Peer 1: 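Take a look at the following structure, please.
Keep in mind that what you see is a predicted model, and the values were worked out from it rather than measured.
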Amino acid sequence: YGGGIRLYVIDNASTDATSEVARSALSACTRISGDVLSCPTPGKAIALNMGIATVEEDFVVRIDADTVIGPNCLQRAIRHFVNPRVGSVGGLPLPAAEETWIDKVRLVEVLLRHGFFQLSLTGYQGVLGVPGMFAVYRRSALREVGPMVQGMNGEDTDICLRLDSAGYHTVDDPTAVYYSETPLSYAHLREQRTRWFRSIYHICAHNRSTLLDRRSMTGTFVLPFQLVNAARRAMLAPLLLFALIAETGFHMTFLAMAWQPIVATVLGMPMVVAVCVCLTLRPRAVKYVPAYLCFRVLRSYFTLAAALSLRYPPMEPRDEWVRVRAWCRDRGRRVWPWAVRDGSRQLLSSEQARRH
């Protein structure tokens, strides 16, 4: 990359020699300069916001610690910013290796998601977000829409969605290739996917005003579609389990059940699309398609687990009083919000207010 590069390494409360290793590596660089910043407060979004506040360059490139960018990755990503309305750009997150079954199904999944589906969304400015493993942002746009949100899954998609609401476009460029590590165990895979699939609900809750917003394709179509798709994907494993139980344990009850619709659900169009995309982008990945089709069932289980493990924050006292006040206003009544108990003032609940 011919332009100037300054590397900011955010040491987010590490307990090893990260800072020393980073400073040593930066001092050995001949083409780039950089700084090592210490962020003592743990939290990915906190560290990202610290780096964004420090950057003075026109473009911010976010690279996770487990990611290595490929040759010409920066050149291919930066070129899209010739368009002043482009706010963020992502690439193709290939797995760093093709050794384990997780690596192989991840390769097919990436080719389908980022090499085919995301690319089609770019055609009508409908890209919901790009992975935070590697993402390039226009600094002025990034500071216009605010910092990375803290305390939720999917902060990378959330910032792209807010950029879209501000009138900026997100571009997915599959020629900007980078490599990211994949989970080494089933437990790590389950934790990662549950976190990823839970993010769609966090994003929708944080951007409720964007849903069905006719001023953008993401709000009008893509975000609602992702919600429906998450529900559909979550039901694949339970439906297959029901079909298995019905066929093996209650065969005489469900005489009309046929195997062809079940095979079509698991295979069918997903297999056709996966084979075509792999042959077009990475022909060697075709041999991993059977493993990917089986992984879709496991992915359905992770999606269901993400939905069932959502946590809802408790209602704040002020929110409870807003409900009480609205209930009274609708009925033309006046209610004192406070009561004295044991010498201290306490906010009345809605049920207590109704009794008063």
Side-chain angles (χ1 to χ4, degrees), residues 1-12 18-19 22 25-26 29 31-39 41 43-93 114 118 122 125 127-150 152-173 175-180 199 203 206-207 218:
Y1 178 72
I5 297 179
R6 187 168 186 82
L7 177 62
Y8 299 85
V9 180
I10 314 298
D11 183 357
N12 189 207
T18 293
S19 295
L26 284 171
C29 291
R31 298 291 299 274
I32 67 173
S33 59
D35 292 321
V36 178
L37 307 177
S38 177
C39 180
T41 305
K44 191 172 187 177
I46 297 174
L48 287 169
N49 288 328
M50 179 180 180
I52 293 170
T54 307
V55 169
E56 298 179 353
E57 288 71 23
D58 293 333
F59 305 103
V60 181
V61 183
R62 169 185 172 179
I63 305 177
D64 279 359
D66 61 351
T67 300
V68 177
I69 62 174
N72 301 322
C73 186
L74 287 177
Q75 288 176 319
R76 295 184 180 276
I78 291 292
R79 61 180 178 171
H80 294 282
F81 290 97
V82 172
N83 182 353
R85 301 314 303 168
V86 170
S88 56
V89 177
L92 187 68
H114 300 279
Q118 284 273 73
T122 303
Q125 299 169 3
V127 177
L128 191 62
V130 292
M133 295 174 282
F134 169 80
V136 189
Y137 307 102
R138 189 182 299 274
R139 183 177 65 102
S140 59
L142 199 59
R143 294 190 175 180
E144 177 184 338
V145 301
M148 297 281 183
V149 65
Q150 301 177 22
M152 64 170 278
N153 298 131
E155 85 289 335
D156 48 2
T157 303
D158 177 82
I159 192 67
C160 292
L161 193 56
R162 283 188 281 143
L163 285 169
D164 180 83
S165 299
Y168 294 96
H169 307 321
T170 298
V171 176
D172 179 80
D173 188 347
T175 65
V177 177
Y178 59 95
Y179 304 89
S180 185
S199 67
I203 293 165
H206 192 246
N207 298 273
T218 54

Peer 1: As an exercise, state the distance from CG of L74 to CD1 of I69, rounded to the nearest 0.5 Å.
Peer 2: 4.0 Å
Peer 1: Which distance, rounded to the nearest 0.5 Å, do you find between the OG1 of T18 and the CG of D11?
Peer 2: 5.5 Å
Peer 1: Hey, what do you get for OH (Y1) to CD1 (I78), rounding to the nearest 0.5 Å?
Peer 2: 4.5 Å
Peer 1: May I ask you to decide if R139's main-chain N or O and D58's side chain share a donor-acceptor pair within less than 3.5 Å?
Peer 2: no
Peer 1: So how far is it from N153 CG to K44 NZ, rounded to the nearest 0.5 Å?
Peer 2: 10.5 Å
Peer 1: When you measure from the side chain of N207 to the backbone of I203, do you find a donor-acceptor pair of N or O atoms at a distance under 3.5 Å?
Peer 2: yes
Peer 1: Give me the atom names and distance for the closest heavy-atom approach of A166 to R85.
Peer 2: O-NH2, 3.9 Å
Peer 1: Mind checking whether I10 and L48 have side chains closer than 4.5 Å, heavy atoms only?
Peer 2: no
Peer 1: Does T218 reach the side chain of L161, with side-chain heavy atoms less than 4.5 Å apart?
Peer 2: yes
Peer 1: How long is the straight-line distance from CD1 of I63 back to SG of C73, given to the nearest 0.5 Å?
Peer 2: 7.5 Å
Peer 1: Do R79 and V89 come close enough that some side-chain heavy atom pair is under 4.5 Å?
Peer 2: no
Peer 1: With a 4.5 Å cut-off on side-chain heavy atoms, are C39 and I46 touching?
Peer 2: yes
Peer 1: With sequence neighbours excluded, tell me which residues meet side chain to side chain contact (heavy atoms under 4.5 Å, CB included) with Q125.
Peer 2: H169
Peer 1: To the nearest 0.5 Å, tell me how far L92 CG sits from Y179 OH.
Peer 2: 8.5 Å
Peer 1: Nearest heavy-atom pair of H80 and D173: which atoms, and what distance?
Peer 2: NE2-OD2, 2.8 Å
Peer 1: Minimum heavy-atom separation for R162 and V149, please, with both atom names.
Peer 2: NH2-N, 3.7 Å
Peer 1: Would you call E155 and I159 a side-chain contact if the rule is heavy atoms closer than 4.5 Å?
Peer 2: no
Peer 1: Under 3.5 Å, is there a donor-acceptor pair between the side chain of N49 and the main chain of A45?
Peer 2: yes
Peer 1: Kindly give the heavy-atom pair with the smallest separation between C160 and T170, and that separation in Å.
Peer 2: CB-OG1, 3.8 Å
Peer 1: Heavy atoms, side chains only, cut-off 4.5 Å: are T41 and M50 in contact?
Peer 2: no
Peer 1: Side-chain polar contacts of residues 127-138 - donor-acceptor pairs under 3.5 angstrom, sequence neighbours left out - could you list them?
Peer 2:
unit_1: R138; atom_1: NE; unit_2: V86; atom_2: O; d: 3.0
unit_1: R138; atom_1: NH2; unit_2: F81; atom_2: O; d: 3.1
unit_1: R138; atom_1: NH2; unit_2: N83; atom_2: O; d: 2.9
unit_1: R138; atom_1: NH2; unit_2: V86; atom_2: O; d: 3.1

Peer 1: Judged by atom type as modelled, is there a donor-acceptor pair below 3.5 Å linking the side chain of D35 to the main-chain atoms of V9?
Peer 2: no
Peer 1: Can you name the closest pair of heavy atoms from Y178 and G91 and give their distance?
Peer 2: CE2-C, 3.7 Å
Peer 1: Please identify each residue that fulfils salt bridge (Lys or Arg N to Asp or Glu O under 4.0 Å) with R76, with sequence neighbours left out.
Peer 2: none
